[in-house]
Structure formats: C-alpha cells, structure tokens
Number of protein chains: 2
Amino acid sequence: MAATTAAIAETDAPRRRRADRSLPTAGRIRRANVERLLDAAEAVFAEKGYGGATTAAIALRAGLPKANLHYYFRTKEQIYRAVLDRILGLWLAAFDPATAGDDPAAVLEAYIRAKIRLSREHPQASRVFAREILSGALHIRGYLVGDLRRWVERQSELMRGWIERGLMDPIDPVHLLFVIWAATQTYADFDAQIRAVTGKRAQSHEDYTRAADTVVQLVLKGCGVQR
Amino acid sequence: MAATTAAIAETDAPRRRRADRSLPTAGRIRRANVERLLDAAEAVFAEKGYGGATTAAIALRAGLPKANLHYYFRTKEQIYRAVLDRILGLWLAAFDPATAGDDPAAVLEAYIRAKIRLSREHPQASRVFAREILSGALHIRGYLVGDLRRWVERQSELMRGWIERGLMDPIDPVHLLFVIWAATQTYADFDAQIRAVTGKRAQSHEDYTRAADTVVQLVLKGCGVQR
DNA sequence: TAGCGTCCTGACCGGTTGGTCAATAATCGC
DNA sequence: GCGATTATTGACCAACCGGTCAGGACGCTA
C-alpha cells in the first residue's frame, strides 16, 4: 500500500500522551473521517494543485471544520503525501497482472484497457499524479526510481524477447510504454480539452470504449503483433 | 497572436491619464521588461502552478522588484493570461503547416515531429498548458472550442478522405489526434517521470529523436499508411 | 454510570500574499 | 536642455493561509 512514506494519519494517534502507544484498533470514526478527508483532498488537489489547494477548502468539501482536518493530518504536506500514497497503491495494483505469457497481443491489450479503465474510474487520482510529475515528482521519486523502474525493466525484457522471436516489430520498449501511458492517461488528465474539442458535456462509457479500441488497434498493429 | 484576450500589458499604459490614449510606439523598455516577465512567469507557473506561483517569485526570477511587475501587469491573473496567450500563438503556428496533400504518411510524420520538437524547445510552455487543462481549461475554453475544434474537424475530414480512398485504415480520426497529442506532449509534461525511469539526468537530443521515431513508426504502421 | 481515551471545534496567531501608492528617476520628443 | 511621459521602487496594507490550542462533547469498556 504505502509505497513511499506511511500514511501517517493511520499510524499516528492525535497527540500521543506517551511516546509510542500503538493504536488499539484504529477506531472506525477515524477510519471513516480519514477516508472522507482523503477523498476531498484528492478532488481539491486535482482541481487546484498543491499550491492552489487550501486546507479550508479540503475540510469544507469533506464537510468538516478545518481544525478537524488538522486533527487527523498535522500538515497540508502530510495529507498530500497520504493522497499520493493511496494513488500509488492503486497504480501498483493495476500494474501487476500483466506478466509472462507468450501472447503479446493479449498482454498489451489487457494492459491498455486496464489503464483506460483506471482513467475513467479514478480521473482525479490521475490528475493529482500528473500534477505531481509536472512539479518535478519530488514526493514520488522513490516510487519512480524503485518499483516503477524495475517494472519497466522487466516489461522491456519481456518485449525484447518477443522481438527476438519475431512476435513483435523491433521497437523501443521503453518508449512504447511511455506512449501507452500517455495515450491512456490523457483521457483523464486532458478531459477538459477532449470535452471542449468534441463538444460533449462529458465523456460517455462508449467514448471510453472507443478510445480504448483506437489505442489498442493503433498499438497492436503499430508494433506488428498479431491479434 | 493573441488568441483569446489581448495581452493587456502591451496595450495598456501604466495608468492612463485619460480614458483612452493609444500607446505611441510601445517603448522598447516596456517591450523588453514585459518579455523578461513573461519568460519568468512561464517558468514559475510551469513549475508551481497558478496557485503555487507568487508574483514575488516571478519578479525575483525576472530580476525586477515586485512592484515593477505590478506596473506592467496589474494582477497575477493578468500576467497568467498573457503567458497563456503567448503559448497559444506558439501552438497555432505549429498547427498550420499540415494541410492538404495526398500523402498521409508525410503529413502525419511531419506533424508528429513538429509536435515533439515543440516539446523539446518549449517544455515549460507545454507544462503551463497542461496545468491549465488540468484545472478545467477555464481561461482557454475559447481557443479550444474555436480555433482548435475547427482545426480538428478539418483534419478529421482530411483523414476520412484518406480512409475512403484506402490510404489509411478505418480509425477514428479524433481519437488518433488525441493519441498523437498525448504521445508527443508527454515528453515535455512527464519529463520528470521519464528521467526517473530511464535513470538519465536529462533527455538528450538523441532521446527526442528516438522518441519521435518510435511515435512515428507506431502511428504510421498503426493506422496502416504506407511510408 | 463512572472514567478514560478519542474526537470535535471556535477562536486565535504569525507569516505570507496580491496589490497599492507616492515619491523619485530615467527617457523621450521637440 | 526642457517639459512630459514612462519607468522604478521601498514601504505599506488588508485578506488569507497553515497551523495551534484549550476545553468541551462523545463513545466505549467495566
């Protein structure tokens, strides 16, 4: 779950009377409020960015007084890290399924569709992640140079194997992954542009399906894997 | 140039003594300082976002006192709009060249390479643009539903013609454009992620060339146009 | 129902922010 | 070189922001 730093709100009691006292059962009220706050924070960070977000706005959106937010998360930075942690958990879960198997088309298609589903189901998470990278990815550098980099290397190895066996055109696997990430996340991150250009008020379920179809078609044929 | 609203700094004297007095020649000092401020603002907005940017930081980066910034741009909002205007001018200029012609491969390849060159030469502009869309694109909605939308419709018409004449696979032209935009801009916007994953300190000229090659290869073969 | 830990929150605070202003200096047209 | 415009800037201000705190409310367990 917690990829870089622990989500402090869940391990740190309000203000521990004694040095270390493990929370007994981490009360249900706490759990519920923390979740409401994280949801609200994700939405506000997605829309306004870290600098533009205010703890007051987050608390308001969560339906709690600002002081209550600061009871669970001591600082704005802390709730931001907790939001990022939750997002990385989501991302990692989506990465795992695609591993070995000698069917490039199936693996690539499944991965692309999973990523687009993520864009549709968690657009705000995607936007917070995008903003974090735009800001230099300081908070998630550990994840990027650790888990993610290893995942990319493994996946690249796999693809190079496919290429050697003639199952796939010679194409730079790393750049292929960058393109797939970009093409799938754009449906969450650049939603406003897509809506403006297409004249739709919102992307429908069919729009996402058509997007996935297009990306799958483009990538599979583009790197010459048989369906 | 000014796509949505006029860059006010260039038409609005310090505090006009009388209602409207057109600036005589818009002095060279003004022009130079405005440009320095826009450069600095673009960098700060790209790195920190609108909410995270401060007029003090922009002025500092431009090497001017904050009060001097507010002499040329009355509000933070105003300098932000001016930065966006400059970016849209850049974007529009890059859009134009690709028009008619019956060689899909040449048109697509030229467009992709032009977009990637833009990512390399103006990464900060790209990031400001990305952040604006993430924030809902409120300031550039006019551009998106106007110029850009018309451009997309024209380009889609062209592609549909190619498809009918069998020069290109049947593929949704609008989604194809979204994918091209995403795949090319990712090299500017997600630079931090790319550097972290590849372990490089900076993307080199060759990296960009390889990126362009990969995207071109993927798109051309992916939608079945002959090179 | 007593007692204790958890939860809640209005009021408050120092620092920062966007923006103003009046006084001064530089530049320009003539 | 002289008046008028344009440019410069330190000092200042009200609003807002993140964060604190004291003290009371609530919810468990025995």
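Sequence lines set the chain letters: A, B, ... in the order given, protein chains first and strands last, and positions in each chain run from 1.
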K.L.:
Rounded to the nearest angstrom, tell me the gap between atom NE2 in B:H70 and atom C1' in C:dA22.
P.N.:
17 Å
K.L.:
Starting at CD1 of A:I79 and ending at P of D:dG19, how long is that distance when rounded to a whole Å?
P.N.:
11 Å
K.L.:
Using heavy atoms and a sub-4.0 Å distance, could you list which residues of residues 41-55 of chain A are near DNA chain D? By number, please.
P.N.:
A:A53, A:T54, A:T55
K.L.:
Just wondering, more than 12 heavy atoms not from A:R149 lying within 6.0 Å of its CZ?
P.N.:
yes
K.L.:
What is the distance, to the nearest angstrom, from the CZ atom on A:R30 to the P atom on C:dG5?
P.N.:
15 Å
K.L.:
For the residue pair A:H122 and A:E42, confirm or rule out a side-chain donor-acceptor distance under 3.5 Å.
P.N.:
no
K.L.:
When you get a sec, tell me which of C:dT9, D:dG18, C:dT27 is the closest nucleotide to the side chain of A:Y71?
P.N.:
C:dT9
K.L.:
What is the distance, to the nearest angstrom, from the CZ atom on B:R74 to the P atom on C:dT20?
P.N.:
8 Å
K.L.:
Measuring to OP1 and OP2 of D:dT8, would you say a side-chain N or O of B:N33 lies under 4.0 angstrom away?
P.N.:
yes
K.L.:
Counting neighbours of CD on B:E121 that are heavy atoms of other residues, nucleotides or ligands and sit closer than 6.0 Å, is the number greater than 12?
P.N.:
yes
K.L.:
Rounded to whole angstroms, how far apart are CG on A:N68 and P on C:dG10?
P.N.:
10 Å
K.L.:
For C:dT6, take OP1 and OP2 only and decide whether either is under 4.0 Å from a side-chain N or O of A:Y72.
P.N.:
no
K.L.:
Ignoring hydrogens and angles, are the base of D:dG19 and the side chain of A:K66 linked by a donor-acceptor pair under 3.5 Å?
P.N.:
yes
K.L.:
Out of C:dG19, C:dT9, D:dT8, which has the shortest distance to the side chain of A:A67?
P.N.:
C:dT9
K.L.:
Between P on C:dT20 and CD on B:Q78, what's the gap in Å once rounded to a whole number?
P.N.:
10 Å
K.L.:
Go through the side-chain N and O atoms of B:R131 and A:S135 and say whether any donor and acceptor fall under 3.5 Å apart.
P.N.:
yes
K.L.:
How close or far is atom P of D:dC17 from atom NZ of A:K76, stated in whole angstroms?
P.N.:
9 Å
K.L.:
Holding to ring-ring contact (aromatic ring centres under 6.0 Å, His included), I want the full list of residues that pass it with A:Y50, two or more places apart in sequence or in another chain.
P.N.:
A:F45, A:Y80
K.L.:
Closest heavy-atom contact between B:L144 and A:A192?
P.N.:
CD1-O, 4.5 Å
K.L.:
Nearest whole angstrom, please: distance from the C1' of C:dT9 to the CG of A:L69.
P.N.:
13 Å
K.L.:
If we ignore angles and hydrogens, is there a donor and acceptor under 3.5 Å between the side chains of A:D189 and A:S126?
P.N.:
yes
